[in-house]
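Just the heavy atoms: all of them, side chains too, but no hydrogens, waters or symmetry mates, feed the values below. Convention: sequence-line order gives letters A, B, ...; per-chain numbering from 1.
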There are 2 protein chains.
Amino acid sequence: MIEVTTGSAAERVEASLRRSIIALDVLPGTRLSEQEIAARHGVSRQPVREAFIGLSRTRLVEVRPQRGTVVAKISVARLMQARFVREAIETAVARRACEAFDPTSRRRIDDLLDLQAERAAAGDHAGFQRADSLFHAALAEGAGCALAWEAVQDVKAHLDRACQLTLPDAAAMLPLVDQHRAIVAGLDARDPEAAAAAMRHHLSEIVRALPKVEAQYPHLFE
Amino acid sequence: MIEVTTGSAAERVEASLRRSIIALDVLPGTRLSEQEIAARHGVSRQPVREAFIGLSRTRLVEVRPQRGTVVAKISVARLMQARFVREAIETAVARRACEAFDPTSRRRIDDLLDLQAERAAAGDHAGFQRADSLFHAALAEGAGCALAWEAVQDVKAHLDRACQLTLPDAAAMLPLVDQHRAIVAGLDARDPEAAAAAMRHHLSEIVRALPKVEAQYPHLFE
DNA sequence: GGCGCCCGACTTGTATGGTAGTGTATGCAC
DNA sequence: GTGCATACACTACCATACAAGTCGGGCGCC
């Protein structure tokens, strides 16, 4: 369980649960009990209920009235569609980033690339994914499309969960940093097609890795 | 107030409020009282509260803790970003629709085009927008991207609200039907670029109309 | 007369009890 | 032993009560 100290109790519980689900600390198919989670977080059932509603909106959990709430299983079909949506948005962001880009965000991206390479070398999955998210967020921010990143986050949760299975070691993480650098290279060259192509290639990584992990962990899929 | 009879009380209230907000029955900046809405719907505050949380997730309302909840004003910056996201997703859907398309959805689209033309001729705004939504939904559905349509809907609410101001008469609606037909023509010709270009042109309509309505109704904007 | 403090009427946030519905287990009839 | 009915435990959902914070008005003081 991860402690979050800001916001309302409902927001804290939701953030905590979201992280646990994405990190696969609670596996797909697990039954979630309002009572138990409320007790564990030291709050009443009501905030937990609101957290469930929030999570069900992005389909991370499935609330079945009068029956119970379970962590959603990983759906390959949903995963592919989520990837499609993310690719559509982020390639468009990459193109727009080539038209005009905020210099402050540009400098921040260099820092984030370094941070990510360091986390990858250290084998720190969680830190790597955090830096990855910050990179994509900074890209959207710099291109003036902050809302686009919000939209991506809604579908990204499912992809991240799958990525937990596909990033077993540092060897799998380092190439992703290079892919990020390729995107930035396209951006610096003001070459929309190159940036978009690099982004598309980057976001296709999951497609290549998916069949293997699906065969390896069939009980996590539906 | 619109009556919805399916789902939980919270869902009914949320759907009712969402429609009222998008239809501009309640204007941007209006204060929403949990108590009053609860009384009007004959429910307690709790379902209303959950409805507010749902609406705040797509930024249709702004919940300020211990202070009150107001209907969000129309933000031009947010509107432009929402349009950007929608264009990114739906042009990608249009391209994919040219690769393979479900025949059942294809037939349904013809019906929806006729329906929409009829509603436009009758000057029925609400019916026109309903048919418009169903058209785009059927397009995504037929292309196998139902999730993409869900993602679009999140940003679409803001665009629809602005469209309430830009569709004053039937003359403004009829060209939109033609734009739909152009998209379908590209689809039938299996020409991804034509379909995407038609979609892009269609979704750019709002950009052309925005400056005028912003000048006309400045109090609705922030 | 103007400024500042305090109190009260609001707001949203949280806790708790009760209700209706579902799935399961148990016991009975066959 | 098998099939069915009934009772029970558990769930989400909703209503109500309470807590905590915010804003505004009125009063006192300077």
- Item | side-chain N/O R67(B) vs dT22(D) OP1/OP2, d < 4.0 Å |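 False: R67(B) side-chain N/O out of range (4.0 Å or more) of dT22(D) OP1/OP2.
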- Ignoring backbone atoms, establish whether S33(A) has a side-chain N or O less than 4.0 Å from OP1 or OP2 of dC10(D).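 Result: no.
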Would you check if the side chain of [X] reaches a backbone N or O of [Y] as a donor-acceptor pair within less than 3.5 Å?
X       : Y       : value
H158(A) : T58(A)  : yes
S133(A) : R130(A) : no
E62(A)  : A72(A)  : no

- On DNA chain C, check which nucleotide each of T69(B) and V43(A) is closest to and give me the residue with the more 5' one.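 Counting from the 5' end, the first nearest nucleotide belongs to T69(B).
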- Query: Between P65(A) and P47(A), who's closer to the 5' end of DNA chain C by nearest nucleotide?
  - Reply: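 Taking each residue's closest nucleotide, the earlier one in sequence belongs to P47(A).
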- Item | Among dG13(C), dT11(C), dC13(D), the nucleotide that comes nearest once only the side chain of R49(A) is considered |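 Between dG13(C), dT11(C), dC13(D), the one nearest the side chain of R49(A) would be dC13(D).
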- Message: Considering every strand and a 4.0 Å limit on heavy-atom distances, what is the contact class for L32(B): base, sugar-phosphate, or nothing?
- Response: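 Sugar-phosphate contact only - L32(B) comes under 4.0 Å of backbone atoms but never of a base.
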- Value in whole Å for how far the C1' atom of dA15(C) lies from CD of Q46(B):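 About 10 Å, once rounded to whole Å.
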- Query: Any N or O donor-acceptor pair linking the side chain of R64(A) to the base of dG23(C) at under 3.5 Å?
  - Reply: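 Flag unset: no donor-acceptor pair detected.
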- Task: Fit a plane to each ring of F135(B) and H180(B), take the angle between them on a 0 to 90° scale, and name the class: parallel (under 30°), tilted (30 to 60°) or perpendicular (over 60°).
- Result: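 Ring orientation of F135(B) relative to H180(B): parallel.
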